[in-house]
Amino acid sequence: MGESDASCAARSASPHIHVSAGLKAQSADGRTSHLLSAKVQFLSELLIVEVTSPTMTRPRNPDLYDVPLLTFG
């Protein structure tokens with residue numbers, strides 16, 4: 001490791017993460033340990049609601065650099 005690599009490593013943050021897991025059927029039986037590596041998958045839950053009334057349009061507003069604004073009715 002070169003000098004610049006060492007100084008960069010000294011400035012970087014290294015998280016210390018504990019992970020706990022257990023079985024629901026065995027409520028008092030669980031394990032806790034250190035997380036050494038992981039692959040993170042970000043999940044999003046979306047709620048989609050169809051709106052049929054009032055009518056929605058997106059006319060462009062010339063006073064706001066033609067940004068379309070959501071309008072109802």
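For clarity, every value in this text was computed on a predicted model and none was experimentally measured.
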Are Val51 and Leu70 joined in one hydrophobic group, where the rule is that I, L, V, M, F, W and Y side chains link up if heavy atoms are under 4.5 Å apart?
yes

Give me the atom names and distance for the closest heavy-atom approach of Arg60 to Pro68.
NH1-CD, 3.6 Å

Tell me, with the steps shown, if Asn61 and Val67 meet side chain to side chain contact (heavy atoms under 4.5 Å, CB included).
CA-CA 6 Å; Asn61 186 332; Val67 172; 5.8 Å; no

Are any non-hydrogen side-chain atoms of Leu69 and Leu64 less than 4.5 angstrom apart?
yes

Do Thr32 and His34 touch side chain to side chain, with heavy atoms closer than 4.5 Å?
no

So do Ser33 and Val19 actually touch side chain to side chain, heavy atoms under 4.5 Å?
no

Where do Pro54 and Gly73 come nearest, in terms of heavy atoms and distance?
CB-N, 4.1 Å

